[in-house]
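This structure is a prediction, so every number in the text was calculated from the model and none was measured.
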Amino acid sequence: MSVVNNPKRGDATREALIQAAIDVFGHDGFDASSTRRIANAAGVNQAAIGYHFGGKQGLYEAVFGHIVSQMQIRMVPVAERAIASLELIQGSAAERRHMALDLLDLVFSAFIDLFGEESATGWVRLVLREQQDPTPAFHILYDGLMGRMLRLVTHLVSVASGLDEASEACRVRTSMLLGQVLVFHVARGTTSPHLNWNSLGQDQLTLLKQQFRIALEAQFPRGVST
């Protein structure tokens, strides 16, 4: 009797391994994570990792492919909306600045929502690990989304500030804006007790967005380009 493969079962196994790996890799890092623990967490045979991914490295890269795809679903429409709006930026310097700030607000509000999703908690932890100690898998994240978003934000910073887009000052300003969002995740051990926040719920996310807009206005004052 011939054996008939079940594609749906294979997809379910692959998905279970990716979800388990996000949690294990996120907590333990790549080197300390064992394929046995990942397989046990997924409820599948350890050999399935080799079958579906070719080994631990392949699984790790597949995890980042999954993370990037989830981030793209949320962020690409926002980026496309901002890019389309860039074509409308004209008029006085004050008008261009105002629209650029609105688009920066749009992009970073989407980032705040993205990192605040409860379902994203596991992969946010893993993304932050890669930010602090990049491995070859980081290129999947950077080339798949982050590089594109940084180029967009850099252009918006240039429009809002008058800085040359290619200058180090403009790129530093861009990185500082990103840091203002990431700090609530990278330094959660400090920010959470300071704010008396046990989690990032809707009220907290709304407050972050409000304060981020105030910070934008302060960091890009009218008529200042240095």
Side-chain angles (χ1 to χ4, degrees), residues 18-30 32-33 37-38 41 63-64 66-79 81-82 100-135 137-138 141-142 144-150 152-154 156-157 160 171-221:
I18 286 176
Q19 293 301 324
I22 288 172
D23 183 62
V24 175
F25 284 138
H27 280 98
D28 299 345
F30 178 81
S33 298
R37 182 180 174 191
I38 293 170
V63 161
F64 272 87
H66 172 81
I67 290 171
V68 167
S69 70
Q70 295 301 304
M71 295 178 74
Q72 287 173 337
I73 290 171
R74 295 158 176 80
M75 295 303 301
V76 168
V78 175
R81 178 179 168 187
L101 292 186
D102 282 348
L103 293 176
L104 284 168
D105 198 7
L106 172 72
V107 170
F108 279 99
S109 288
F111 266 120
I112 290 170
D113 284 335
L114 173 67
F115 283 93
E117 289 183 15
E118 184 177 352
S119 61
T121 301
W123 54 260
V124 167
R125 183 183 297 112
L126 191 50
V127 166
L128 294 179
R129 272 187 173 273
E130 282 292 322
Q131 292 283 350
Q132 295 168 353
D133 189 16
T135 72
F138 180 76
L141 175 64
Y142 190 86
L145 183 71
M146 292 305 298
R148 176 181 178 181
M149 298 305 299
L150 283 171
L152 171 60
V153 171
T154 301
L156 291 172
V157 167
R171 294 172 185 270
V172 166
R173 189 83 68 92
T174 297
S175 300
M176 290 174 70
L177 288 178
L178 184 62
Q180 290 177 45
V181 173
L182 291 180
V183 68
F184 296 97
H185 304 280
V186 175
R188 180 173 291 184
T190 297
T191 59
S192 293
H194 179 65
L195 296 167
N196 294 318
W197 288 358
N198 295 320
S199 63
L200 287 177
Q202 191 56 54
D203 290 343
Q204 288 75 32
L205 296 178
T206 298
L207 181 57
L208 289 181
K209 292 177 188 178
Q210 292 171 345
Q211 292 303 311
F212 185 81
R213 178 65 195 221
I214 293 171
L216 274 180
E217 296 285 351
Q219 291 173 81
F220 297 96

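- Interatomic distance, CG of L150 versus CG of L145, reported as 9.0 Å (0.5 Å rounding).
- The side chain to side chain contact (heavy atoms under 4.5 Å, CB included) search around S109 returns D105, K209, not counting sequence neighbours.
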### Task
Could you go through the side chain to side chain contact (heavy atoms under 4.5 Å, CB included) check for R213 and L101 one step at a time?
CA-CA 8 Å; R213 178 65 195 221; L101 292 186; 3.9 Å; yes

### Query
Are V153 and L178 close enough, and set up right, to give a side chain to side chain contact (heavy atoms under 4.5 Å, CB included), and what steps lead you there?
CA-CA 9 Å; V153 171; L178 184 62; over 6 Å; no

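- Every residue two or more places apart in sequence or in another chain that forms a ring-ring contact (aromatic ring centres under 6.0 Å, His included) with F64 is listed here: Y60.
- The main-chain N or O of G144 is found under 3.5 Å from a side-chain atom of Q72 such that the two form a donor-acceptor pair.
- Within the model, atoms CG of L103 and CG of L152 stand 8.0 Å from one another, a figure rounded to the nearest 0.5 Å.
- A distance-only check finds a donor-acceptor pair linking the side chain of R173 to the backbone of Q219 [under 3.5 Å].
- With contacts defined as side-chain heavy-atom distances shorter than 4.5 Å, the pair L216/L177 qualifies.
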### Query
side chain to side chain contact (heavy atoms under 4.5 Å, CB included) between V78 and F111: does it pass, once the steps are laid out?
CA-CA 10 Å; V78 175; F111 266 120; over 6 Å; no

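- G122 and I22 make their closest contact through C-CG2, 3.5 Å (heavy atoms, listed as atom of the first residue, atom of the second, distance).
- The distance from the OG atom of S69 to the CZ atom of R74 is 8.5 Å, given to the nearest 0.5 Å.
- Scanning all heavy atoms of the two residues, the minimum distance from M75 to V107 falls at CE-O, 3.9 Å.
- Residue pairs that meet the ring pair (Phe, Tyr, Trp, His ring centres under 6.0 Å) test with at least one member in residues 177-197, sequence neighbours left out, are F115-H185.
- In this structure, R129 contributes its side chain and R125 its backbone to no donor-acceptor pair below 3.5 Å.
- Looking at heavy atoms from C-beta onward, Q131 lies out of side-chain contact with V186 at the 4.5 angstrom threshold.
- Across G201 and Q204, no two heavy atoms sit closer than the pair N-OE1, 2.8 Å.
- How far CZ of F212 is from CG of L104: 7.0 Å, rounded to the nearest 0.5 Å.
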### side chain to side chain contact (heavy atoms under 4.5 Å, CB included) between R148 and V76, worked out
CA-CA 9 Å; R148 176 181 178 181; V76 168; 4.0 Å; yes

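- Of all non-hydrogen atoms in A20 and A41, the two that sit nearest each other are CB-CB, 3.8 Å.
- Scanning all heavy atoms of the two residues, the minimum distance from A21 to V63 falls at CB-CG2, 3.6 Å.
- Nearest heavy atom pair, residue E130 against residue F138, reads OE1-CB, 3.4 Å.
- By the 4.5 Å heavy-atom criterion applied to side chains, T190 and V183 are not counted as neighbours.
- Atom CH2 of W123 and atom CD1 of I18 lie 14.0 Å apart (nearest 0.5 Å).
- Separating the CG atom in D28 from the CZ atom in F30 is a distance of 12.5 Å, to the nearest 0.5 Å.
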